[in-house]
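Here, residue 1 is the first one in the sequence, and each next residue gets the next number. One-based numbering, in listed order, for ligands and for the atoms of each.
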Amino acid sequence: MKKTILIHLLLGILSTTFAQNRLTLNADLGRDTISRHIYGHFAEHLGRCIYGGFYVGEGNAKIPNKDGVRTDIIEALKKLKVPNLRWPGGCFADTYHWKDGIGPKAQRPSMKNVWWGGVTEDNSFGTHDFLNMCEAIGAEPYLAGNVGSGTVQELADWVKYTTEESGSPMSDLRKTNGREKPWIAKFWGVGNEAWGCGGNMKPEYYANIYRQYATFMTDWGNSYKLFRVASGANGADYNWTEVLMRDIPHNMLEGVALHHYSVIDWAKKGSATAFSEEEYFKTMNAALRMEELVTRHSTIMDKYDPQKKVALVVDEWGGWYTVEPGTNPGFLYQQNTMRDAMIAGTTLHIFQKHCDRVRIANLAQTVNVLQAVVLTEGEKMLLTPTYHVLEMFNVHQDAVLVPLDVHVNDYTFGGQKLPAVSASASRDKAGRVHISLVNIDPNRSQEVSVTIRGLKASGVSGRILTSGKVQDHNTFDNPNFIKPADFKGAVLKNEELKITLPPVSVVVLELK
Ligand code: AHR
């Protein structure tokens, strides 16, 4: 008897030490679609995102461009399948007067960019430039309206200018400025961070203001309906969401926003590249907090909107560190390492898990600012590890979320633990099943076994993004140091898939 207990005890210890991560995939089930719009991006008039990033000027003979926008960036974002792009802010949006950015460039007034470095904004990149750029990329625009320092008429006019076919002073003005047809501009933010840089409002006050603005932001008889997004909560401010969902009629509210950045400490953010394992663990802890935030905000939304008509729009997310040494602190320029790849992969898994409510999200920001997918230096351009994760994951866009039962090991540091592995699966319109997996553990490989149900898979192929150290990154001298490679670490036998995930790795598999 004693011997049997001992054996069981030993087996127990062994199974915890060498425990496999176990997933069960029900490939033929699933109900909710993963909106491609959770793969959206954000471009603010901030630092070198627009000027010196996307936009290098029409007369630039050194850097190939289309109407002043770098063609290498356009091509990279097309490959990424960027579904929507948010512009012109951020905090900048509530200081922006769109009429300053139309008409002959030489006649446009200048302003001071008060939020970001106090630099002169000459309005040379305006509405036409942005909307034409979106068309070139194949992304839908998501315009952030000025509520903090603008007027109802100004925002209503912007809607008419961009979306109305003809027959109004605004559509006439657009035609005078060289654009005959309206653009497709469905997504509109009604202010940004109204609790802070967007006006320091209380939620009750903002809810009333929102109602007023949204009343005059209608489709004016166009073929598509506008998608209006209320400025949302700062992280865990659940009261903000509660008040908005309670006080704004849902027939004038298509989305409620949420902002959450992965920051160790706002007072001491730490270097983007020279960080310790402790800092890495803290960043991942902050990134994984998105699960709790999305769950709790969704629960509040469920109370007022059980049919989930109003979307949760996470229109700012990503890692935020101390700026690169020697750069303008107001420009928020930071490098991008495998840590950022881990943030991207795990966060997208969270959005996918909650795709019934999270239907738009925007990584901050696209070029040269915060967790960028593209960095530029003069004529040089590089794709960051974050870019590669989003490119690998784009197979999930508009696919059906496939239920995945997940039991995973912990990544432990200093007595604290986080789930080491995260995963998500989807079935696309052609019936192909994709599984993405992330191992955030910087020290250990993870063995994963997946039981496949509802699909007779005959083969598996995949790609991996990994590197020796979590601090590794691409540089302008070595821009392809980190890039996706073919993955040979998955073996399919009968209905069981065995996968070895190296430390800090992202893998995307396709079952055939
Ligand atoms: O993305 C940078 C800034 O962060 C945005 O302008 C603002 O909305 C947020 O606080």
Worksheet item: Any idea which protein heavy atom is nearest atom 10 (O) of ligand 1, and the distance to it?
Response: Glu193 OE1, 2.8 Å
Worksheet entry | Taking atom 1 (O) of ligand 1 as the reference point, the nearest protein heavy atom with its distance | Tyr261 OH, 2.8 Å
Fill in: Lys/Arg N to Asp/Glu carboxylate O, Lys282 vs Glu278, below 4.0 Å
yes
Is [X] in polar range of ligand 1, meaning some N or O pair under 3.5 Å apart?
{"X": "His259", "value": "no"}
{"X": "Cys91", "value": "yes"}
{"X": "Glu316", "value": "yes"}

Just checking, is any N or O donor in the side chain of [X] or [Y] under 3.5 Å from an acceptor N or O on the other one?
{"X": "Thr386", "Y": "Asp340", "value": "no"}
{"X": "Glu316", "Y": "His260", "value": "no"}
{"X": "His41", "Y": "Tyr142", "value": "no"}
{"X": "Trp188", "Y": "Glu254", "value": "no"}

Worksheet item: With a 4.0 Å cut-off on heavy atoms, is Trp115 touching ligand 1?
Response: no
Worksheet item: Closer than 4.0 angstrom: is that true for some heavy atom of Phe92 and an atom of ligand 1?
Response: no
Worksheet item: What distance separates Arg357 CZ from His297 NE2, expressed to the nearest 0.5 Å?
Response: 12.5 Å
Worksheet item: Where does Trp317 meet ligand 1, judged by heavy-atom distances below 4.0 Å: at the side chain, the backbone, both, or neither?
Response: neither
Fill in: ligand 1-proximal atoms of Asn192, by part, heavy-atom distance under 4.0 Å
side chain
Practice prompt. With sequence neighbours left out, write down each residue that passes side chain to side chain donor-acceptor pair (under 3.5 Å) with His473, or none if nothing qualifies.
Written response: none
